[in-house]
Amino acid sequence: MEIDSVRVESSVWIGNKRYKALLSGWYFSWTEIDKRNRERKTISVPVSEVIGVKEGRVEIQTQKKVEDTDLDFTLFYVKRNGHGLSWSLGRTQFCCPSRGVRDQWTTQLRTALKTHSPSRPHRLLVFINPFGGKKRGKQIFHSLVAPLFELAGISSHVVVTERANQARDYILKKDLTGFNGVICVGGDGMFSELLHGVIGRTQQEAGVSEHDPTVMLQPCDLHIGVIPAGSTDCVCFATMGINDPVTSTLHIIIGDSQPLDVCSVHYQNTLVRYSVSMVGYGFYGDVLAESERHRWMGPLRYDYSGFMVYLCNRSYPGLVQYLPADSHISSPRDKTRCLSGCRVCSESKERLFPHFDSSSSLYSTNVSQCNSELEGEWVTIEGRFKCVSLTCMSSSCPRSPEGLSPSAHLADGTADLIMVRETNPLGFLTFLHRHTTKQDQFDLPFVEVHRVKAVRFSLPPGEAEEEEVEYEKEADREIQTSAERELEDPEKLFCGNIAGQSQQHLAGWKERGSETSRLKRQGFACGPCCTKPRSVSVWNCDGEILPHTEISCRVHGQLVRLFARGIENSTMQ
Ligand SMILES: CCCCCCCCCCCCC/C=C/[C@@H](O)[C@H](COP(=O)(O)O)NC(=O)CCCCC
Ligand SMILES: Nc1ncnc2c1ncn2[C@@H]1O[C@H](COP(=O)(O)OP(=O)(O)O)[C@@H](O)[C@H]1O
Ligand SMILES: [Ca+2]
């Protein structure tokens, strides 16, 4: 074996073929050597994508040793499948000429791993929502995720949630010393809990008031990982290009880091929620409100509710004001894609954090800096809308592979505001249908889209206040009875499978049931609602109904970090 400061090289065998193994710089490679000593095919793996190195011949999942000889070691690494966005665990067993060479290889590879991959997590806090999506969260974690964490030497503390907001409260209140990241196994709602926990905790520790709509929030260090097991899985899909638990796990293990813009939603001087994917009024709000009544259908509830709400053919009056982003940098119709290593996003960092001190990794919460992000001419648009949506990223998901705004950026400090004016049912269907194809959904006369830094929404003067009050009284009566129905009929909530569920689980759903019912006060009214015209919709904020109509939204560039790397350009694979 030859070792110098930059290269390690030796002969090895894979099966009965001889190879030259080489560790050089950032790569480990092995090249087949034929009987005439000529070099053949080379396989090369970046050290940063090595998952683990084990002595002996080792199985992939169980780590059970098949045959433990002194000469063998097994390398586990990221393997790209098909178009390259789906990752699986690659495994190759190497046989060395002597035990000494084998030990040298395992030592050298482990050292290289530490040097070239310093930001890998060692300890993770994992929250599993056992009821998200198709209710496979626990199974997904234990069968697909945990064995990979174990292989990579990552220890995890697992909390199976028993109620809504448990994960958020845990992150806000408990001691998180030693954890390098928080992971959710669930959908966008579960991700949102972690998002609120991580942002809230970071602001508490930095002494920043989240309620002040003009404040510059402190960016969060604790990374968030998403193992998709939900209904929409938009956050996962839009940051990885796929919703696959194994791919997500491998991104977490290798410590990938993707900054993400976050939109804060305020009502007057109170923080209502944060959003990363969609803050949507009109159609998307109505779909969510309707879908909450059919949660027992699982992910299909959105398709069913989408159809029902479409038939209602509603539109709503509104006054939209927005602060445009710099159109010289990018635009929602420039036909570009935010891909891994995106130039627009990386160049945004300096603009977003002009006072970043790289020596201390501290961000200044300088007020004038924050105000400069809010400077500019506000634009006002009044009208009747089928929907008004704001999205910080493309919001692509399996239902809409290109997303709500295909050219939006994950981390440029802007969001795209999409306004769909009142139109005929066929026109709106065309708009919706284009979300499922590659056709441009903005190329329609009743649709406008703007890249923005902030948005305010209000009801036109005199339009709705009275009706809203009347409507709320009606809503209260409906909610009271529907909440009672739900709680009396928990079987419906559990999709007809309550056998073996603990009282605690039931209590968890009761809390969610009542919370949802409370929030449904403005939004319950689809389905039977169609008999009553109404002029106010609800806001869907990453799958939660907001309790206010008149809101203001502001984008906080690169506020959180995910264990992801953005969507890799599949043509380059
Ligand atoms: C004729 C075909 C119509 C298809 C329309 C497709 C449009 C899809 C746009 C999807 C945007 C998704 C934005 C993300 C929203 C999620 O945060 C939210 C909660 O997800 P989860 O916690 O996993 O339940 N999901 C939704 O609000 C569902 C919207 C579905 C609208 C049809
Ligand atoms: N044990 C639990 N019981 C009830 N609700 C829960 C529980 N754990 C999490 N939740 C809530 O369930 C909501 C939906 O979860 P999510 O994982 O996003 O699934 P889905 O994608 O199917 O909506 C989240 O908003 C979360 O707050
Ligand atoms: Ca953005």
Side-chain angles (χ1 to χ4, degrees), residues 127-135 137 159-168 184-193 196 228-238 243 259-263 275-280 283-288 291-292 295 298-299 301-307 309-310 325 330 338 344-345 348 389 391-405 408-416 428-437 441 451-452 493 504-513 515-516 540-545 555 557-558:
F127 295 97
I128 305 176
N129 176 2
F131 305 120
K134 294 180 184 157
K135 300 190 179 58
V159 177
V160 178
T161 60
E162 293 171 349
R163 61 172 178 87
N165 293 326
Q166 185 181 344
R168 181 200 64 190
C184 59
V185 186
D188 292 333
M190 228 11 221
F191 170 80
S192 179
E193 284 203 27
H196 284 80
S231 300
T232 313
D233 293 329
C234 174
V235 177
C236 179
F237 199 93
N243 59 333
L260 211 57
D261 295 337
V262 176
C263 176
S275 155
V276 295
S277 53
M278 178 180 69
V279 189
F283 179 76
Y284 294 110
D286 292 350
V287 170
L288 181 66
S291 75
E292 283 296 332
R295 197 162 251 285
R301 68 189 184 279
Y302 290 131
D303 304 289
Y304 172 78
S305 308
F307 179 66
V309 171
Y310 170 76
S330 65
C338 179
V344 171
C345 291
S348 297
S389 319
T391 180
C392 284
M393 55 184 191
S394 72
S395 284
S396 57
C397 60
R399 259 184 204 86
S400 171
E402 302 288 308
L404 283 177
S405 190
H409 288 272
L410 290 172
D412 66 340
T414 75
D416 289 351
F428 191 54
L429 187 63
T430 308
F431 170 75
L432 288 178
H433 183 255
R434 287 190 182 183
H435 286 77
T436 65
T437 67
Q441 65 259 44
R451 191 146 286 174
V452 303
L493 282 171
Q504 282 163 318
H505 287 160
L506 192 60
W509 274 109
K510 276 186 179 175
E511 181 183 307
R512 178 160 178 80
E515 183 184 86
T516 306
N540 171 345
C541 178
D542 290 1
E544 279 293 314
I545 296 168
V555 186
Q558 308 193 1

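All values below were derived from every heavy atom in this structure, side-chain atoms included, with hydrogens, water molecules and symmetry-related copies excluded. Counting starts at 1 for both ligands and their atoms, following the listed order.
Under a 4.0 angstrom heavy-atom cut-off, G306 registers as lying outside contact with ligand 1. The closest approach between a heavy atom of Q166 and any atom of ligand 2 is not below 4.0 Å. The closest approach between any non-hydrogen atom of R301 and ligand 1 is below 4.0 Å.
Remark: ligand 1 atoms within the under-4.0 Å shell around heavy atoms of G189 are 22 (O). Atoms of ligand 1 found under 4.0 Å from any heavy atom of S277, numbered from 1 in the order shown, are 14 (C), 17 (O). If you number the atoms of ligand 1 from 1 as listed, the ones under 4.0 Å from a heavy atom of Y302 come out as 19 (C), 20 (O), 21 (P), 24 (O), 25 (N), 26 (C), 28 (C). Short contacts between ligand 1 and N540, defined as distances under 4.0 Å to a heavy atom of the residue, involve ligand atoms 27 (O).
If you look at D261 and ask which of its N, O or S atoms sits nearest the Ca ion (ligand 3), the answer is OD2. Closest N/O/S atom of D412 to the Ca ion (ligand 3): OD1.
For the side chain to side chain contact (heavy atoms under 4.5 Å, CB included) with F237, the lone residue among S400, P228, S396 that qualifies is S396.
Looking at E193 against ligand 2, only its side chain comes within 4.0 Å, counting heavy atoms.
Between T232 and ligand 2, not a single N/O pair is under 3.5 Å apart.
Among all non-hydrogen protein atoms, the one lying nearest atom 16 (C) of ligand 1 is D188 OD2, 3.3 Å.
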